Amino acid sequence: MRILLTGGCGFIGSAFVRLALSRGHEVVNLDKLTYAGNPANVAEVAGHDGYRFVHADIADAERVAEALDGVELVVNMAAETHVDRSILDPAAFPMTDVVGTAVLLGEARKAGVRRFVQVSTDEVYGSVPHGAFRETDPLDPSSPYSASKAGGDLQVLACHRTYGMDVVVTRGSNTYGPRQYPEKLIPLFVTNALEGLPLPVYGDGMQIRDWIHVDDHCEGVLHAAEHGVAGEVYNVGGGNELPNLDITHAILGLTGRDASLIRHVEDRPGHDRRYALDTAKLRSLGWEPRRDFTEGLRETVEWYTANRAWWEPIKSGEYLAYYREQYGARVGA
Ligand code: NAD
Ligand code: DAU
């Protein structure tokens with residue numbers, strides 16, 4: 001099957017490229033190469049016969065139409081993805097996550113692709129104090145990021161109702177693993193700990209996220225693409241609910257640092273307290289997450305320890321400007 005994957009130079013996208021190629025699919029990776037897109041993430045597959053890279057924006061209808069030649073399945077992972085950036089400067093988020101999605105969807109429909117998979121997030125449901133979100137729960141996003149992702153989901157689901165287009169939406173939980181841009185909790189705290197820098201814990205650090213390994217997330221997306229029912233939504237969660245402070249202490253232990261690096265800083269505005277997903281629907285189709293969190297976190301820390309050449313250049317230039325704006329007043333850095 002020829003797959004058009006968007007955002008394949010990012011964290012989850014690059015893992016999906018490796019998975020899809022290993023299963024014998026052809027992959028056309030269309031990526032705009034924003035600050036989060038890194039060609040090094042796909043360097044090992046660049047010469048693969050079944051792989052092609054297209055440097056383009058999902059909102060560029062002409063380039064998207066060219067890239068869709070011979071494509072059976074579209075997997076849309078391209079997005080602006082960081083909640084904190086969306087709070088500082090929301091403008092780019094609806095441009096890619098809503099408008100870009102709508103353009104890609106429209107071109108996919110015109111090209112007659114067999115199926116369109118929208119890779120979304122558990123954040124569209126908002127915060128859940130007890131229990132776990134099911135796919136039928138209402139959308140209640142808290143941040144400009146999650147509101148934009150919710151807008152993308154609705155564009156995709158509306159295309160199914162209006163045109164009968166074959167679409168599937170996946171909603172993944174907090175994902176961790178190698179090659180995650182060091183603005184998100186785990187790679188930020190691991191790389192800061194390796195450098196002996198403060199770990200800025202928002203508020204009391206007792207917010208809960210449900211963590212899934214990037215390989216389990218990608219398997220879930222591919223499984224939903226291959227076995228999901230048209231017009232349906234599938235939650236993809238790891239079942240590893242942990243408060244941020246527990247993760248922080250685990251990272252300190254794995255990097256040989258102590259709690260003196262922890263700084264409790266001003267909380268994120270609109271911060272969702274807890275995420276949890278009911279994944280019975282995708283499990284009923286035969287998928288399940290396989291990676292143990294303790295082991296996966298240890299391997300992730302080992303990867304960042306062994307791959308300083310990947311993240312040290314990132315933590316300069318644009319990154320430092322963002323870091324100062326986001327954390328300067330909070331940690332006095
Ligand atoms: P990422 O930020 O690491 O990568 C995003 C990629 O999209 C980058 O390569 C970037 O260059 C590309 N991109 C951005 N705007 C684009 C545009 N207009 N046109 C083409 N390419 C563009 O993201 P990620 O963490 O790998 O997330 C991938 C997808 O999974 C996103 O849709 C995100 O909402 C979703 N998701 C992420 C998580 C998580 O914890 N990281 C969890 C659930 C869902
Ligand atoms: O739930 C899925 C979502 O997970 C994805 O859709 C998003 O793309 C992804 O960024 C992620 O969103 P979060 O906001 O949950 O992830 P982040 O890594 O930014 O934060 C995780 C938790 O850690 C959250 O409660 C905020 C907290 N945090 C984060 C940072 C960056 C801190 O306490 N300090 C920090 O410096």
Side-chain angles (χ1 to χ4, degrees), residues 5-16 29-39 41-42 54-60 63-64 75-87 92-93 95-97 99-101 103-104 118-125 127 141-143 145-146 148-149 152-153 170-177 179-189 192 198-212 214 217-218 220-221 236-237 242-245 247-248 262-265 267-268 271-275 277 323 326-327 330-331:
L5 170 71
T6 70
C9 295
F11 164 50
I12 304 173
S14 59
F16 190 87
N29 171 14
L30 185 144
D31 197 300
K32 185 182 174 181
L33 296 179
T34 67
Y35 77 92
N38 186 348
N41 290 348
V42 284
V54 177
H55 185 192
D57 189 325
I58 58 167
D60 181 338
R63 300 293 312 286
V64 165
V75 177
N76 183 27
M77 290 206 187
E80 290 293 338
T81 62
H82 192 36
V83 172
D84 292 324
R85 287 186 190 250
S86 83
I87 294 167
F93 286 74
M95 291 310 291
T96 288
D97 302 4
V99 177
T101 296
V103 170
L104 181 67
Q118 171 71 358
V119 177
S120 187
T121 166
D122 59 1
E123 296 201 11
V124 297
Y125 298 118
S127 196
S142 302
S143 71
Y145 161 69
S146 49
S148 301
K149 290 296 291 186
D153 288 21
T170 63
R171 295 192 178 134
S173 67
N174 280 66
T175 307
Y176 74 97
R179 301 179 185 81
Q180 186 170 27
Y181 193 85
E183 64 191 352
K184 310 279 165 58
L185 178 76
I186 289 181
L188 173 65
F189 282 18
N192 275 14
L199 310 189
V201 172
Y202 295 157
D204 63 4
M206 294 310 289
Q207 304 86 1
I208 290 175
R209 297 291 182 267
D210 168 9
W211 295 91
I212 185 169
V214 64
H217 189 161
C218 289
V221 170
V236 186
L242 288 164
N244 295 335
L245 259 188
I247 302 222
T248 305
I262 294 178
R263 301 283 186 283
H264 284 273
V265 300
D267 208 348
R268 173 187 279 176
H271 200 169
D272 287 330
R273 194 71 181 165
R274 176 171 175 262
Y275 297 145
L277 284 179
Y323 197 83
Q326 176 65 19
Y327 296 102
R330 281 181 156 116
V331 291

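Remember, it's 1-based here, ligands and their atoms both numbered in the order they're listed. These figures come from a predicted structure and were not determined experimentally.
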Given [options], identify the one with the heavy atom nearest to [atom].
atom	options	result
atom 25 (O) of ligand 2	M206, H271, E123	H271
atom 34 (N) of ligand 2	S146, S86, S173, P200	P200
atom 23 (O) of ligand 2	D204, N244, V83	N244
atom 19 (O) of ligand 2	R330, R268, H217	R268
atom 29 (C) of ligand 2	Y323, Y202, W211, F189	Y202

Subset of ligand 2 atoms that lie under 4.0 Å from at least one heavy atom of [X]:
X	answer
V201	33 (O)
E183	31 (C)
D122	1 (O), 2 (C)
K184	10 (O), 18 (O)
D84	31 (C)
T121	1 (O), 2 (C), 3 (C), 5 (C), 6 (O)
R209	15 (O), 24 (C), 25 (O)
H82	19 (O)

Fill in: salt_bridge(D204, R273) N-O dist < 4.0 Å
yes
Protein heavy-atom partner closest to [atom] - residue, atom, separation in Å:
atom	answer
atom 21 (C) of ligand 2	L185 CB, 3.8 Å
atom 6 (O) of ligand 2	Y145 OH, 2.5 Å
atom 8 (O) of ligand 2	T81 O, 2.8 Å
atom 36 (O) of ligand 2	Y327 OH, 2.7 Å
atom 16 (O) of ligand 2	N174 ND2, 3.4 Å

Item to complete: Validate the cation-pi geometry between R263 and Y327: distance from NZ or CZ to the six-membered ring centre under 6.0 Å, angle to the ring axis within 45°.
Response: no
Item to complete: Report yes or no: is the cationic atom of R209 (NZ for Lys, CZ for Arg) closer than 6.0 Å to the six-membered ring centre of Y275, at no more than 45° off its axis?
Response: yes
Item to complete: Take D57 and R63, measure what salt bridge (Lys or Arg N to Asp or Glu O under 4.0 Å) needs, and give me the verdict at the end.
Response: CA-CA 8 Å; D57 189 325; R63 300 293 312 286; over 6 Å; no
Worksheet item: Does E80 reach the side chain of R85, with side-chain heavy atoms less than 4.5 Å apart?
Response: no
Practice prompt. Could you check if a side-chain atom of M206 sits within less than 4.5 angstrom of a side-chain atom of L245, using non-hydrogen atoms only?
Written response: yes
Give me the pairs of N or O atoms, one from ligand 1 and one from the protein, that sit under 3.5 Å apart.
| residue | atom | partner | partner atom | Å |
| --- | --- | --- | --- | --- |
| ligand 1 | 2 (O) | T81 | OG1 | 2.7 |
| ligand 1 | 3 (O) | F11 | N | 3.0 |
| ligand 1 | 9 (O) | G10 | N | 3.0 |
| ligand 1 | 9 (O) | D31 | OD1 | 3.3 |
| ligand 1 | 9 (O) | D31 | OD2 | 2.6 |
| ligand 1 | 11 (O) | D31 | OD1 | 2.6 |
| ligand 1 | 11 (O) | L33 | N | 3.4 |
| ligand 1 | 11 (O) | T34 | N | 3.0 |
| ligand 1 | 11 (O) | T34 | OG1 | 3.2 |
| ligand 1 | 18 (N) | D57 | OD1 | 2.9 |
| ligand 1 | 18 (N) | T96 | OG1 | 3.0 |
| ligand 1 | 19 (N) | I58 | N | 3.0 |
| ligand 1 | 21 (N) | K32 | N | 3.0 |
| ligand 1 | 26 (O) | F11 | N | 3.3 |
| ligand 1 | 26 (O) | I12 | N | 2.7 |
| ligand 1 | 32 (O) | M77 | O | 3.0 |
| ligand 1 | 32 (O) | V119 | O | 3.4 |
| ligand 1 | 32 (O) | K149 | NZ | 2.7 |
| ligand 1 | 34 (O) | Y145 | OH | 2.7 |
| ligand 1 | 34 (O) | K149 | NZ | 3.1 |
| ligand 1 | 40 (O) | T175 | N | 3.0 |

Worksheet entry | S14: partners by side-chain hydrogen bond (donor to acceptor under 3.5 Å, both in side chains), with sequence neighbours left out | none
Worksheet item: Are K149 and ligand 2 in contact, using a heavy-atom cut-off of under 4.0 Å?
Response: no
Practice prompt. For ligand 2, note which part of L188 has a heavy atom under 4.0 Å away: side chain, backbone, both or neither.
Written response: side chain
